[in-house]
**Q** 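Could you have a look at this structure, given as structure tokens, before my questions?
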Amino acid sequence: YIKSEKIKNEFIFYIDNNPDPDYITFSGSGEPTLNIKIGEILNFIKGKKPDIPVAVLTNGTLLWDDNVKKALLDADVVLPSLDAATQGGFEKINRPVKGLSIEKYIQGIENFKKVFKGKLWLEVFILPGYNDSEAELTALKKSVERIEPDIVQLNTLDRPGTVPNLKRATNKDFQRVINLWKMENVEIISFPVERKNIQSYRKDFESMILETIARRPCTVDDLSKILGLHSNEINKYLSVLEEEGKIEGVEQDRGTFYQLMHD
């Protein structure tokens, strides 16, 4: 848990010493809406930089809560996730806390959309063998139609999952979903190699990761501690490097270790 004053101070330091970013995004290792100060911090940011849009990445499970709903109303974009629309699929993929039903989850997102004046982009995580059957996809489509998001973003595994042998969806898998749903506002999240084209991609970060892995194989946690970068940031670069064939992940007892790809 990070105190709100520290976040505010780091934000001021950043904007005083860097060009304006395209977005200011609430994210992290965990659920941003669990922080009781999120509304206060969001309003602080909007007060300091009113021209930069603020986005909130959330798993959506707390959008039924009036306090959370109110805290996010001043955001420009809210991006909740919806990975299943049946109770069985929800429990299998998301492993929700006891007492949280899929209906309460979906109803919360639907109710939030009705009062939110900004854009709601719904992320749907496609996991082959878990939520890509016709029954699961049909249930998801009905829920998407209930929520009426501005955009539906199809996404998939970026890094190894929490259980072994999970597979990422391919472009063919995504296209099957699009063909089944026949909805105009569905898009596919860019694949890792395309990330190099965005403004925030740092070649120096990429070089630091490669130099560190060249000395010895590392896990994401190892790299995060050594380089002082958030694990989410590390993952973005690992995805690109893996896609380009520069590194590979090797499963060991302590997790996935990344090493340079050898010819």
Side-chain angles (χ1 to χ4, degrees), residues 25-34 38 55-66 68-69 71-73 75-159 161-163 166-170 173-190 232:
T25 306
F26 284 79
S27 181
S29 285
E31 171 52 38
T33 60
L34 284 172
I38 186 171
V56 180
L57 304 182
T58 171
N59 61 26
T61 54
L62 287 175
L63 290 180
W64 54 266
D65 185 286
D66 288 340
V68 172
K69 197 184 304 180
L72 301 186
L73 289 180
D76 297 282
V77 186
V78 173
L79 301 92
S81 301
L82 182 67
D83 307 324
T86 66
Q87 189 64 31
F90 183 43
E91 292 175 1
K92 191 174 183 181
I93 295 174
N94 300 117
R95 301 175 180 178
V97 66
K98 185 178 180 181
L100 179 62
S101 69
I102 188 62
E103 177 56 31
K104 184 176 184 179
Y105 179 16
I106 294 170
Q107 189 67 56
I109 302 175
E110 181 184 357
N111 290 345
F112 177 75
K113 175 62 169 65
K114 289 176 180 176
V115 298
F116 183 52
K117 303 301 182 185
K119 300 291 185 183
L120 190 133
W121 299 352
L122 188 68
E123 182 185 62
V124 178
F125 189 87
I126 300 299
L127 193 58
Y130 282 75
N131 65 349
D132 63 339
S133 69
E134 188 162 336
E136 289 287 346
L137 291 175
T138 299
L140 271 168
K141 180 185 179 182
K142 290 178 180 177
S143 296
V144 170
E145 290 172 336
R146 275 179 60 183
I147 294 167
E148 298 183 331
D150 296 282
I151 296 174
V152 181
Q153 297 181 321
L154 301 182
N155 203 353
T156 192
L157 272 176
D158 206 7
R159 304 258 36 88
T162 54
V163 296
L166 294 178
K167 296 179 180 178
R168 65 174 295 160
T170 64
D173 295 324
F174 285 139
Q175 197 57 52
R176 176 173 162 264
V177 176
I178 290 172
N179 293 341
L180 179 66
W181 286 0
K182 295 182 172 63
M183 302 170 73
E184 293 183 358
N185 62 338
V186 180
E187 64 181 27
I188 300 170
I189 294 292
S190 62
N232 287 356

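Sequential numbering from 1 along the given sequence is applied to the chain's residues.
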**Q** Using the side-chain contact (heavy atoms from CB on, under 4.5 Å) rule, take F112 and T58 through it: C-alpha gap first, then chi angles, then the decisive distance, then the call.
**A** CA-CA 13 Å; F112 177 75; T58 171; over 6 Å; no
**Q** Could you check whether D173 pairs with R176 (Lys NZ or Arg NE/NH1/NH2 to Asp/Glu carboxylate O, under 4.0 Å)?
**A**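 No, this pair does not count.
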**Q** If every non-hydrogen atom of P32 is compared with every non-hydrogen atom of S27, which pair is closest and at what distance?
**A**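 Heavy atoms of P32 and S27 come nearest at CG-O, 3.8 Å.
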**Q** Kindly say whether D83 contributes a backbone atom to a donor-acceptor pair with the side chain of N94 at under 3.5 angstrom?
**A**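 No; zero donor-acceptor contacts below 3.5 Å.
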**Q** Starting from the C-alpha separation in whole Å, work towards a yes-or-no answer on side-chain hydrogen bond (donor to acceptor under 3.5 Å, both in side chains) for E187 and Q153.
**A** CA-CA 5 Å; E187 64 181 27; Q153 297 181 321; 2.9 Å; yes
**Q** Does the side chain of T33 reach to within under 4.5 Å of the side chain of F26, using non-hydrogen atoms?
**A**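 Of all side-chain heavy-atom pairs linking F26 with T33, none is under 4.5 Å.
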**Q** Any donor-acceptor pair under 3.5 Å linking the side chain of T156 with the backbone of I126?
**A**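 Indeed, once roles are kept as given, a pair shorter than 3.5 Å links the two residues.
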**Q** What pair of heavy atoms forms the shortest contact from A84 to G89, and how long is it?
**A**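 What the structure gives for the nearest pair is CB-C, 3.5 Å.
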**Q** Picking from L120, V56, N59, what satisfies side chain to side chain contact (heavy atoms under 4.5 Å, CB included) with P80?
**A**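 Checked L120, V56, N59 against P80; only one passes side chain to side chain contact (heavy atoms under 4.5 Å, CB included): L120.
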**Q** Does the N111 side chain pair with the main chain of G108, one donor and one acceptor, at a distance under 3.5 Å?
**A**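 Here the side-chain-to-backbone pair does not exist.
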**Q** Does atom NZ of K69 have more than 12 heavy-atom neighbours from other groups under 6.0 Å away?
**A**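 Counting neighbours around NZ of K69, more than 12 heavy atoms of other residues, nucleotides or ligands fall under 6.0 Å, so yes.
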**Q** Within this structure, what is the CD1-OG distance for the pair I109 and S81, rounded to the nearest 0.5 Å?
**A**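 Those atoms lie 8.0 Å apart.
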**Q** Do D150 and V77 have side chains that get closer than 4.5 Å, going by heavy atoms?
**A**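 Contact flag for D150/V77 side chains = no.
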**Q** Would you check if the side chain of K113 reaches a backbone N or O of I147 as a donor-acceptor pair within less than 3.5 Å?
**A**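 Not at all, since once roles are kept as given, no pair shorter than 3.5 Å links the two residues.
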**Q** Heavy atoms, side chains only, cut-off 4.5 Å: are L79 and E123 in contact?
**A**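 They are not in contact (no side-chain heavy atoms under 4.5 Å apart), so the answer is no.
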**Q** What verdict does the side-chain contact (heavy atoms from CB on, under 4.5 Å) test give for K141 and E145, after you've listed the backbone C-alpha separation in whole Å, the side-chain angles of each residue and the deciding distance to 0.1 Å?
**A** CA-CA 6 Å; K141 180 185 179 182; E145 290 172 336; 3.2 Å; yes
**Q** Side chains of P96 and F90: closer than 4.5 Å at any heavy-atom pair?
**A**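 P96 reaches F90 side chain to side chain.
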**Q** When rounded to the nearest 0.5 angstrom, what is the spacing between CD1 in I102 and CG in L82?
**A**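 Going from the CD1 atom of I102 to the CG atom of L82 covers 6.0 Å.
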**Q** Any chance you could lay out the side-chain contact (heavy atoms from CB on, under 4.5 Å) test for L72 and F116, step after step, and finish with the verdict?
**A** CA-CA 8 Å; L72 301 186; F116 183 52; 5.7 Å; no
**Q** Decide whether E136 and T86 meet the rule of one side-chain donor and one side-chain acceptor closer than 3.5 Å.
**A**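 A donor-acceptor contact under 3.5 Å links the two side chains.
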**Q** Distance from Y105 atom OH to L100 atom CG, nearest 0.5 Å?
**A**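 Spacing of OH (Y105) from CG (L100) equals 8.5 Å.
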**Q** Do any N or O atoms from the side chain of N155 and from the backbone of I189 form a donor-acceptor pair under 3.5 angstrom?
**A**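 Flag not set: sc N155 to bb I189 has no pair under 3.5 Å.
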**Q** Taking the side chain as C-beta and beyond, is there a heavy-atom pair between Q107 and E110 under 4.5 Å?
**A**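 Touching, per the 4.5 Å side-chain cut-off.
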**Q** Determine, stepwise, if the pair D132 / V177 fulfils side-chain contact (heavy atoms from CB on, under 4.5 Å).
**A** CA-CA 8 Å; D132 63 339; V177 176; 5.8 Å; no
